[in-house]
2 protein chains.
Amino acid sequence: MTRAGLDRARVVATAAGLADRDGAAALTVSAVARELGVRPPSLYSHVAGAQELRAAVAALALTELADRVDRALAGLAGADALVALADAHRAYAAEHPGRFAAAGAAGAGLVDAELLGAGRRHADHLLAVLRGYAVPAGEQVHAARLVGSLLRGFIELEGGGAFAGSSPPAEESWVRALEQLDAVLRTWGSA
Amino acid sequence: MTRAGLDRARVVATAAGLADRDGAAALTVSAVARELGVRPPSLYSHVAGAQELRAAVAALALTELADRVDRALAGLAGADALVALADAHRAYAAEHPGRFAAAGAAGAGLVDAELLGAGRRHADHLLAVLRGYAVPAGEQVHAARLVGSLLRGFIELEGGGAFAGSSPPAEESWVRALEQLDAVLRTWGSA
DNA sequence: GGTTTTGCCTATAGGGCATAGGCAACGTAG
DNA sequence: CTACGTTGCCTATGCCCTATAGGCAAAACC
(Lines give C-alpha, C1' and ligand atoms only; values in the text may rest on other atoms or scores of the structure.)
Protein backbone atom coordinates (compact mmCIF):
# COMPACT_ATOMS: atom_id res chain seq x y z
CA MET A 1 0.00 0.00 0.00
CA THR A 2 1.48 3.31 -1.09
CA ARG A 3 1.00 6.22 1.31
CA ALA A 4 -1.47 9.00 0.78
CA GLY A 5 0.94 11.80 1.64
CA LEU A 6 -1.25 13.64 4.07
CA ASP A 7 -0.25 16.54 6.21
CA ARG A 8 -2.08 19.02 8.36
CA ALA A 9 -2.38 21.68 5.66
CA ARG A 10 -3.86 19.22 3.17
CA VAL A 11 -6.31 17.88 5.73
CA VAL A 12 -7.48 21.36 6.71
CA ALA A 13 -7.73 22.50 3.10
CA THR A 14 -9.84 19.45 2.24
CA ALA A 15 -12.01 20.12 5.28
CA ALA A 16 -12.51 23.72 4.18
CA GLY A 17 -13.49 22.65 0.68
CA LEU A 18 -15.92 20.11 2.06
CA ALA A 19 -17.51 22.71 4.34
CA ASP A 20 -18.02 25.05 1.39
CA ARG A 21 -19.46 22.31 -0.83
CA ASP A 22 -21.70 20.45 1.62
CA GLY A 23 -22.28 22.95 4.41
CA ALA A 24 -20.50 23.55 7.67
CA ALA A 25 -22.61 20.87 9.39
CA ALA A 26 -21.15 18.25 7.04
CA LEU A 27 -17.65 18.99 8.26
CA THR A 28 -16.80 15.74 10.03
CA VAL A 29 -13.62 13.77 10.46
CA SER A 30 -15.17 10.86 8.61
CA ALA A 31 -16.22 12.96 5.65
CA VAL A 32 -12.77 14.49 5.32
CA ALA A 33 -11.23 11.01 5.47
CA ARG A 34 -13.57 9.81 2.71
CA GLU A 35 -12.70 12.84 0.64
CA LEU A 36 -9.01 12.04 1.01
CA GLY A 37 -9.46 8.31 0.30
CA VAL A 38 -8.27 7.41 3.74
CA ARG A 39 -9.63 5.83 6.93
CA PRO A 40 -10.86 8.16 9.69
CA PRO A 41 -8.24 7.20 12.31
CA SER A 42 -5.51 8.25 9.89
CA LEU A 43 -6.43 11.90 10.37
CA TYR A 44 -5.87 11.89 14.10
CA SER A 45 -2.12 12.14 13.66
CA HIS A 46 -2.59 15.43 11.81
CA VAL A 47 -5.55 16.94 13.64
CA ALA A 48 -6.50 16.40 17.27
CA GLY A 49 -10.17 15.73 16.60
CA ALA A 50 -13.39 17.12 15.23
CA GLN A 51 -13.35 20.25 17.37
CA GLU A 52 -9.78 21.10 16.46
CA LEU A 53 -10.58 20.47 12.81
CA ARG A 54 -13.36 23.03 12.91
CA ALA A 55 -11.14 25.51 14.72
CA ALA A 56 -8.45 25.01 12.09
CA VAL A 57 -10.91 25.71 9.28
CA ALA A 58 -12.08 28.81 11.15
CA ALA A 59 -8.49 30.01 11.52
CA LEU A 60 -7.84 29.34 7.84
CA ALA A 61 -10.93 31.30 6.88
CA LEU A 62 -10.13 34.26 9.11
CA THR A 63 -6.58 34.35 7.77
CA GLU A 64 -7.65 34.16 4.12
CA LEU A 65 -10.24 36.84 4.72
CA ALA A 66 -7.75 39.08 6.50
CA ASP A 67 -5.41 38.72 3.52
CA ARG A 68 -8.16 39.78 1.16
CA VAL A 69 -9.07 42.75 3.30
CA ASP A 70 -5.42 43.76 3.41
CA ARG A 71 -5.34 43.92 -0.37
CA ALA A 72 -8.77 45.52 -0.62
CA LEU A 73 -7.92 48.35 1.77
CA ALA A 74 -4.61 49.25 0.14
CA GLY A 75 -4.54 52.96 -0.60
CA LEU A 76 -8.15 53.59 0.39
CA ALA A 77 -9.66 55.70 3.15
CA GLY A 78 -13.05 56.97 4.28
CA ALA A 79 -16.12 55.60 2.57
CA ASP A 80 -14.04 53.80 -0.04
CA ALA A 81 -12.24 51.85 2.65
CA LEU A 82 -15.48 51.07 4.46
CA VAL A 83 -17.08 49.70 1.31
CA ALA A 84 -13.95 47.78 0.38
CA LEU A 85 -13.81 46.13 3.80
CA ALA A 86 -17.49 45.31 3.78
CA ASP A 87 -17.53 43.99 0.23
CA ALA A 88 -14.50 41.83 0.90
CA HIS A 89 -16.34 40.16 3.77
CA ARG A 90 -19.55 39.69 1.82
CA ALA A 91 -17.78 38.32 -1.24
CA TYR A 92 -15.77 35.89 0.84
CA ALA A 93 -18.91 34.63 2.53
CA ALA A 94 -20.59 34.15 -0.84
CA GLU A 95 -17.62 32.26 -2.28
CA HIS A 96 -16.86 30.24 0.83
CA PRO A 97 -20.04 29.83 2.88
CA GLY A 98 -18.77 26.85 4.84
CA ARG A 99 -15.49 28.49 5.76
CA PHE A 100 -17.30 31.68 6.71
CA ALA A 101 -19.79 29.83 8.87
CA ALA A 102 -16.95 28.01 10.60
CA ALA A 103 -15.24 31.34 11.23
CA GLY A 104 -18.42 32.78 12.66
CA ALA A 105 -18.87 29.85 15.02
CA ALA A 106 -15.27 30.13 16.23
CA GLY A 107 -14.89 31.15 19.82
CA ALA A 108 -17.57 28.62 20.68
CA GLY A 109 -14.88 25.97 20.61
CA LEU A 110 -11.10 25.95 20.85
CA VAL A 111 -9.28 29.24 20.57
CA ASP A 112 -5.67 28.73 19.53
CA ALA A 113 -2.90 31.19 18.75
CA GLU A 114 -3.62 31.27 15.02
CA LEU A 115 -7.26 32.09 15.64
CA LEU A 116 -6.34 34.86 18.07
CA GLY A 117 -3.82 36.32 15.64
CA ALA A 118 -6.33 36.38 12.80
CA GLY A 119 -8.90 37.94 15.10
CA ARG A 120 -6.46 40.68 15.96
CA ARG A 121 -5.83 41.39 12.27
CA HIS A 122 -9.56 41.83 11.74
CA ALA A 123 -9.85 44.18 14.67
CA ASP A 124 -6.95 46.20 13.30
CA HIS A 125 -8.61 46.46 9.90
CA LEU A 126 -11.77 47.76 11.47
CA LEU A 127 -9.87 50.38 13.45
CA ALA A 128 -7.90 51.35 10.35
CA VAL A 129 -11.13 52.06 8.50
CA LEU A 130 -12.40 54.11 11.42
CA ARG A 131 -9.23 56.18 11.31
CA GLY A 132 -10.58 57.56 8.04
CA TYR A 133 -13.45 59.08 9.98
CA ALA A 134 -13.41 61.61 12.81
CA VAL A 135 -14.74 59.22 15.42
CA PRO A 136 -13.61 60.34 18.90
CA ALA A 137 -11.06 57.99 20.44
CA GLY A 138 -13.35 56.92 23.25
CA GLU A 139 -16.09 56.05 20.80
CA GLN A 140 -14.04 53.97 18.41
CA VAL A 141 -14.71 50.70 20.15
CA HIS A 142 -18.43 51.37 20.00
CA ALA A 143 -18.22 52.28 16.34
CA ALA A 144 -16.17 49.18 15.57
CA ARG A 145 -18.70 46.99 17.33
CA LEU A 146 -21.53 48.62 15.42
CA VAL A 147 -19.84 48.08 12.08
CA GLY A 148 -18.91 44.51 12.93
CA SER A 149 -22.41 43.71 14.12
CA LEU A 150 -24.05 45.11 11.04
CA LEU A 151 -21.76 43.31 8.62
CA ARG A 152 -22.06 40.01 10.42
CA GLY A 153 -25.80 40.25 10.79
CA PHE A 154 -26.45 41.18 7.19
CA ILE A 155 -24.15 38.57 5.73
CA GLU A 156 -25.55 35.81 7.92
CA LEU A 157 -29.15 36.73 7.16
CA GLU A 158 -28.41 36.88 3.47
CA GLY A 159 -26.56 33.57 3.59
CA GLY A 160 -29.44 31.99 5.47
CA GLY A 161 -31.80 32.97 2.72
CA ALA A 162 -33.69 35.52 4.81
CA PHE A 163 -33.70 38.03 1.95
CA ALA A 164 -34.11 35.43 -0.77
CA GLY A 165 -37.72 35.66 -1.87
CA SER A 166 -38.31 39.33 -1.11
CA SER A 167 -38.74 41.79 -3.94
CA PRO A 168 -35.91 44.32 -3.62
CA PRO A 169 -32.71 42.33 -4.13
CA ALA A 170 -30.38 42.07 -1.16
CA GLU A 171 -27.72 43.88 -3.13
CA GLU A 172 -29.73 47.08 -3.00
CA SER A 173 -30.22 46.83 0.76
CA TRP A 174 -26.50 46.23 1.13
CA VAL A 175 -25.67 49.46 -0.71
CA ARG A 176 -28.18 51.40 1.39
CA ALA A 177 -26.86 49.92 4.60
CA LEU A 178 -23.31 50.93 3.74
CA GLU A 179 -24.43 54.43 2.79
CA GLN A 180 -26.18 54.83 6.13
CA LEU A 181 -23.20 53.36 7.93
CA ASP A 182 -20.92 55.86 6.20
CA ALA A 183 -23.23 58.69 7.25
CA VAL A 184 -23.21 57.49 10.83
CA LEU A 185 -19.42 57.37 10.95
CA ARG A 186 -19.06 60.78 9.30
CA THR A 187 -21.25 62.47 11.86
CA TRP A 188 -20.28 60.38 14.90
CA GLY A 189 -19.47 62.66 17.82
CA SER A 190 -20.82 65.83 16.21
CA ALA A 191 -24.38 64.96 17.17
CA MET B 1 -44.47 0.25 34.54
CA THR B 2 -46.42 3.48 34.92
CA ARG B 3 -46.44 5.78 31.89
CA ALA B 4 -44.48 8.99 31.66
CA GLY B 5 -47.31 11.08 30.25
CA LEU B 6 -45.40 12.70 27.42
CA ASP B 7 -46.82 14.87 24.71
CA ARG B 8 -45.36 17.07 22.03
CA ALA B 9 -45.55 20.28 24.08
CA ARG B 10 -43.75 18.71 27.02
CA VAL B 11 -41.07 17.26 24.77
CA VAL B 12 -40.46 20.56 23.02
CA ALA B 13 -40.45 22.50 26.30
CA THR B 14 -37.91 20.09 27.76
CA ALA B 15 -35.80 20.41 24.63
CA ALA B 16 -35.89 24.20 24.89
CA GLY B 17 -34.81 24.10 28.52
CA LEU B 18 -32.01 21.74 27.71
CA ALA B 19 -30.78 23.98 24.89
CA ASP B 20 -30.70 26.96 27.24
CA ARG B 21 -28.91 25.06 29.98
CA ASP B 22 -26.35 23.07 27.98
CA GLY B 23 -26.11 24.95 24.70
CA ALA B 24 -27.89 24.53 21.40
CA ALA B 25 -25.36 21.92 20.30
CA ALA B 26 -26.44 19.68 23.19
CA LEU B 27 -29.98 19.57 21.87
CA THR B 28 -30.28 15.90 20.87
CA VAL B 29 -33.09 13.41 20.92
CA SER B 30 -31.14 11.26 23.35
CA ALA B 31 -30.49 14.11 25.78
CA VAL B 32 -34.16 15.10 25.81
CA ALA B 33 -35.11 11.48 26.45
CA ARG B 34 -32.66 11.30 29.35
CA GLU B 35 -34.06 14.53 30.74
CA LEU B 36 -37.55 13.08 30.62
CA GLY B 37 -36.52 9.75 32.12
CA VAL B 38 -37.48 7.92 28.98
CA ARG B 39 -35.79 5.92 26.20
CA PRO B 40 -34.94 7.75 22.98
CA PRO B 41 -37.32 5.82 20.68
CA SER B 42 -40.23 6.93 22.87
CA LEU B 43 -39.91 10.46 21.56
CA TYR B 44 -40.41 9.55 17.94
CA SER B 45 -44.16 9.28 18.38
CA HIS B 46 -44.24 12.93 19.47
CA VAL B 47 -41.55 14.48 17.28
CA ALA B 48 -40.44 13.32 13.84
CA GLY B 49 -36.74 13.41 14.59
CA ALA B 50 -33.79 15.55 15.56
CA GLN B 51 -34.28 18.08 12.76
CA GLU B 52 -37.95 18.52 13.53
CA LEU B 53 -37.13 18.87 17.23
CA ARG B 54 -34.78 21.76 16.52
CA ALA B 55 -37.32 23.39 14.24
CA ALA B 56 -39.94 23.07 16.97
CA VAL B 57 -37.68 24.74 19.51
CA ALA B 58 -36.96 27.50 16.99
CA ALA B 59 -40.68 28.02 16.42
CA LEU B 60 -41.31 28.08 20.16
CA ALA B 61 -38.56 30.66 20.63
CA LEU B 62 -39.78 32.90 17.81
CA THR B 63 -43.31 32.73 19.16
CA GLU B 64 -42.30 33.52 22.73
CA LEU B 65 -40.13 36.37 21.53
CA ALA B 66 -42.90 37.75 19.33
CA ASP B 67 -45.22 37.69 22.36
CA ARG B 68 -42.70 39.65 24.38
CA VAL B 69 -42.23 42.18 21.62
CA ASP B 70 -45.98 42.56 21.35
CA ARG B 71 -46.16 43.53 25.00
CA ALA B 72 -43.00 45.68 24.83
CA LEU B 73 -44.25 47.72 21.89
CA ALA B 74 -47.68 48.44 23.35
CA GLY B 75 -48.30 52.16 23.26
CA LEU B 76 -44.84 53.12 22.09
CA ALA B 77 -43.61 54.78 18.91
CA GLY B 78 -40.47 56.28 17.47
CA ALA B 79 -37.23 55.84 19.38
CA ASP B 80 -39.06 54.34 22.38
CA ALA B 81 -40.49 51.60 20.21
CA LEU B 82 -37.14 50.95 18.55
CA VAL B 83 -35.41 50.58 21.90
CA ALA B 84 -38.20 48.42 23.27
CA LEU B 85 -38.04 46.08 20.30
CA ALA B 86 -34.27 45.86 20.44
CA ASP B 87 -34.10 45.37 24.20
CA ALA B 88 -36.75 42.67 24.08
CA HIS B 89 -34.62 40.73 21.62
CA ARG B 90 -31.42 41.19 23.56
CA ALA B 91 -33.01 40.28 26.88
CA TYR B 92 -34.59 37.17 25.42
CA ALA B 93 -31.26 36.07 23.98
CA ALA B 94 -29.60 36.60 27.35
CA GLU B 95 -32.26 34.65 29.22
CA HIS B 96 -32.64 31.90 26.64
CA PRO B 97 -29.40 31.54 24.70
CA GLY B 98 -30.17 28.05 23.47
CA ARG B 99 -33.64 28.90 22.26
CA PHE B 100 -32.33 32.06 20.60
CA ALA B 101 -29.54 30.19 18.85
CA ALA B 102 -32.04 27.61 17.61
CA ALA B 103 -34.23 30.40 16.29
CA GLY B 104 -31.28 31.98 14.52
CA ALA B 105 -30.34 28.71 12.85
CA ALA B 106 -33.92 28.15 11.67
CA GLY B 107 -34.38 28.26 7.97
CA ALA B 108 -31.34 26.05 7.64
CA GLY B 109 -33.60 23.10 8.40
CA LEU B 110 -37.29 22.43 8.16
CA VAL B 111 -39.62 25.39 7.73
CA ASP B 112 -43.12 24.56 8.93
CA ALA B 113 -46.24 26.67 9.20
CA GLU B 114 -45.63 27.69 12.81
CA LEU B 115 -42.14 28.92 11.96
CA LEU B 116 -43.44 30.90 9.00
CA GLY B 117 -46.19 32.46 11.09
CA ALA B 118 -43.77 33.53 13.79
CA GLY B 119 -41.44 34.94 11.17
CA ARG B 120 -44.24 37.00 9.76
CA ARG B 121 -45.06 38.41 13.21
CA HIS B 122 -41.46 39.52 13.59
CA ALA B 123 -41.47 41.20 10.19
CA ASP B 124 -44.67 43.00 11.14
CA HIS B 125 -43.12 44.24 14.38
CA LEU B 126 -40.18 45.64 12.51
CA LEU B 127 -42.41 47.44 10.04
CA ALA B 128 -44.56 48.74 12.89
CA VAL B 129 -41.51 50.33 14.47
CA LEU B 130 -40.52 51.87 11.15
CA ARG B 131 -43.97 53.39 10.86
CA GLY B 132 -42.90 55.66 13.72
CA TYR B 133 -40.27 57.13 11.43
CA ALA B 134 -40.65 58.92 8.13
CA VAL B 135 -38.92 56.27 6.07
CA PRO B 136 -40.15 56.42 2.46
CA ALA B 137 -42.29 53.41 1.51
CA GLY B 138 -39.81 52.12 -1.03
CA GLU B 139 -37.01 52.25 1.50
CA GLN B 140 -38.77 50.46 4.34
CA VAL B 141 -37.56 47.03 3.35
CA HIS B 142 -33.99 48.28 3.28
CA ALA B 143 -34.41 49.93 6.66
CA ALA B 144 -35.96 46.80 8.12
CA ARG B 145 -33.09 44.69 6.84
CA LEU B 146 -30.59 47.12 8.31
CA VAL B 147 -32.24 47.06 11.72
CA GLY B 148 -32.59 43.29 11.68
CA SER B 149 -29.00 42.80 10.63
CA LEU B 150 -27.63 45.09 13.30
CA LEU B 151 -29.66 43.53 16.10
CA ARG B 152 -28.82 40.00 15.08
CA GLY B 153 -25.15 40.73 14.59
CA PHE B 154 -24.73 42.52 17.88
CA ILE B 155 -26.63 39.96 19.91
CA GLU B 156 -24.77 37.06 18.36
CA LEU B 157 -21.38 38.65 18.82
CA GLU B 158 -22.20 39.49 22.42
CA GLY B 159 -23.51 35.99 23.06
CA GLY B 160 -20.40 34.51 21.49
CA GLY B 161 -18.25 36.43 23.92
CA ALA B 162 -16.75 38.72 21.31
CA PHE B 163 -17.16 41.74 23.55
CA ALA B 164 -16.43 39.92 26.77
CA GLY B 165 -12.92 40.94 27.78
CA SER B 166 -12.87 44.41 26.21
CA SER B 167 -12.89 47.46 28.42
CA PRO B 168 -16.07 49.37 27.56
CA PRO B 169 -18.92 47.09 28.55
CA ALA B 170 -21.13 45.79 25.75
CA GLU B 171 -24.07 47.57 27.32
CA GLU B 172 -22.57 50.94 26.45
CA SER B 173 -21.99 49.95 22.83
CA TRP B 174 -25.57 48.72 22.66
CA VAL B 175 -26.91 52.09 23.76
CA ARG B 176 -24.69 53.90 21.28
CA ALA B 177 -25.70 51.57 18.47
CA LEU B 178 -29.38 52.17 19.14
CA GLU B 179 -28.83 55.94 19.29
CA GLN B 180 -27.11 55.85 15.92
CA LEU B 181 -29.79 53.58 14.53
CA ASP B 182 -32.46 56.01 15.69
CA ALA B 183 -30.60 58.87 14.03
CA VAL B 184 -30.37 56.91 10.79
CA LEU B 185 -34.09 56.20 10.77
CA ARG B 186 -34.99 59.79 11.63
CA THR B 187 -33.05 61.17 8.70
CA TRP B 188 -33.64 58.38 6.22
CA GLY B 189 -34.74 59.81 2.91
CA SER B 190 -33.94 63.41 3.76
CA ALA B 191 -30.26 62.95 3.01
C1' DG C 1 21.37 -2.75 3.75
C1' DG C 2 19.92 -2.66 8.28
C1' DT C 3 17.57 0.09 11.73
C1' DT C 4 14.60 3.60 13.25
C1' DT C 5 10.94 6.51 12.44
C1' DT C 6 6.68 7.58 10.56
C1' DG C 7 2.16 6.94 8.50
C1' DC C 8 -1.80 4.64 7.61
C1' DC C 9 -4.03 0.55 8.75
C1' DT C 10 -7.50 -2.82 11.50
C1' DA C 11 -9.94 -3.58 15.68
C1' DT C 12 -12.71 -1.86 19.08
C1' DA C 13 -15.68 0.84 22.23
C1' DG C 14 -19.08 4.39 22.95
C1' DG C 15 -22.82 7.48 21.68
C1' DG C 16 -26.53 9.52 18.68
C1' DC C 17 -30.26 8.72 15.05
C1' DA C 18 -33.82 6.11 13.47
C1' DT C 19 -36.98 2.00 12.43
C1' DA C 20 -39.35 -2.44 13.60
C1' DG C 21 -41.96 -4.89 16.43
C1' DG C 22 -43.61 -6.33 21.31
C1' DC C 23 -46.17 -5.81 25.51
C1' DA C 24 -48.49 -3.58 29.03
C1' DA C 25 -51.32 0.29 30.64
C1' DC C 26 -55.21 2.95 29.68
C1' DG C 27 -60.18 4.11 27.62
C1' DT C 28 -64.45 2.13 26.49
C1' DA C 29 -68.44 -0.95 25.89
C1' DG C 30 -71.09 -4.61 26.89
C1' DC D 1 -66.58 -5.36 36.10
C1' DT D 2 -64.63 -7.74 32.53
C1' DA D 3 -63.23 -8.08 27.93
C1' DC D 4 -61.54 -5.62 23.97
C1' DG D 5 -59.16 -2.17 21.28
C1' DT D 6 -55.99 1.56 21.34
C1' DT D 7 -52.13 3.91 22.64
C1' DG D 8 -47.56 4.58 24.68
C1' DC D 9 -43.27 3.29 25.94
C1' DC D 10 -40.35 -0.52 25.70
C1' DT D 11 -36.30 -3.76 23.71
C1' DA D 12 -33.69 -5.02 19.74
C1' DT D 13 -31.25 -3.67 15.95
C1' DG D 14 -28.42 -1.26 12.33
C1' DC D 15 -25.94 2.58 10.68
C1' DC D 16 -22.79 6.57 11.13
C1' DC D 17 -19.40 9.47 13.66
C1' DT D 18 -15.84 10.03 17.28
C1' DA D 19 -11.86 8.47 19.42
C1' DT D 20 -8.10 5.26 21.18
C1' DA D 21 -4.93 1.22 20.96
C1' DG D 22 -1.91 -1.34 18.73
C1' DG D 23 0.09 -3.47 14.27
C1' DC D 24 2.61 -3.46 9.99
C1' DA D 25 4.88 -1.66 6.20
C1' DA D 26 6.93 2.28 3.67
C1' DA D 27 10.16 5.94 4.12
C1' DA D 28 14.26 8.06 6.07
C1' DC D 29 18.64 7.75 7.92
C1' DC D 30 23.22 6.00 8.80
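Just so it is clear: chains get the letters A, B, ... in the order the sequence lines come, proteins before strands, and each one is counted from 1.
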Exercise. Tell me whether the OP1 or OP2 atom of C:dG15 has a side-chain N or O from B:R34 closer than 4.0 Å.
Key: no

Quiz item: OP1 or OP2 of D:dG8 less than 4.0 angstrom from a side-chain nitrogen or oxygen of B:S42, does that happen here?
Solution: no

Self-check item: Same apolar cluster (I L V M F W Y, side chains within < 4.5 Å links), B:V141/A:W174
Solution: no

Quiz prompt | Any residue meeting side-chain contact (heavy atoms from CB on, under 4.5 Å) with B:D20, in chain and number order, not counting sequence neighbours | solution = B:H96, B:P97, B:R99

Quiz prompt | Set of residues satisfying side-chain contact (heavy atoms from CB on, under 4.5 Å) with respect to B:D124, sequence neighbours excluded | solution = B:R120

Exercise. Assert yes or no for the condition that the ring centre distance of B:H89 to B:H122 is strictly below 6.0 Å.
Key: yes

N/O contacts under 3.5 Å, protein versus nucleotides 4-7 of chain C?
| unit_1 | atom_1 | unit_2 | atom_2 | d |
| --- | --- | --- | --- | --- |
| C:dT6 | O2 | A:R3 | NH2 | 2.9 |
| C:dG7 | O4' | A:R3 | NH1 | 2.6 |

Measure from [atom1] on [X] to [atom2] on [N] and round the result to the nearest Å.
X	N	atom1	atom2	answer
A:R39	D:dC17	CZ	P	13 Å
A:L43	C:dC8	CG	P	9 Å
B:L36	D:dG8	CG	P	15 Å

Exercise. Can you run down the side chain to side chain donor-acceptor pair (under 3.5 Å) pairs that involve residues 6-19 of chain A, sequence neighbours left out, and say none if there aren't any?
Key: A:R8-A:E52

Quiz item: Can you list every pair that meets side chain to side chain donor-acceptor pair (under 3.5 Å) and has a residue in residues 21-34 of chain B, with sequence neighbours left out?
Solution: B:R21-B:E35

Practice problem: Identify whether NZ of Lys or CZ of Arg in B:R145 sits under 6.0 Å from the centre of the six-membered ring of A:F154 and within 45° of that ring's axis. | Solution: no

Exercise. With the side chain counted from C-beta on, respond yes when A:V147 and A:L185 share a heavy-atom pair under 4.5 Å apart, and no when they do not.
Key: yes

Kindly give the atom pairs (protein nitrogen or oxygen, nucleotide nitrogen or oxygen) under 3.5 Å for nucleotides 17-20 of chain C.
| unit_1 | atom_1 | unit_2 | atom_2 | d |
| --- | --- | --- | --- | --- |
| C:dC17 | OP1 | B:V29 | N | 3.1 |
| C:dC17 | OP2 | B:V29 | N | 3.2 |
| C:dC17 | OP2 | B:S30 | N | 2.8 |
| C:dC17 | OP2 | B:S30 | OG | 3.0 |
| C:dA18 | OP2 | B:Y44 | OH | 3.2 |
| C:dA18 | OP2 | B:A50 | N | 2.7 |

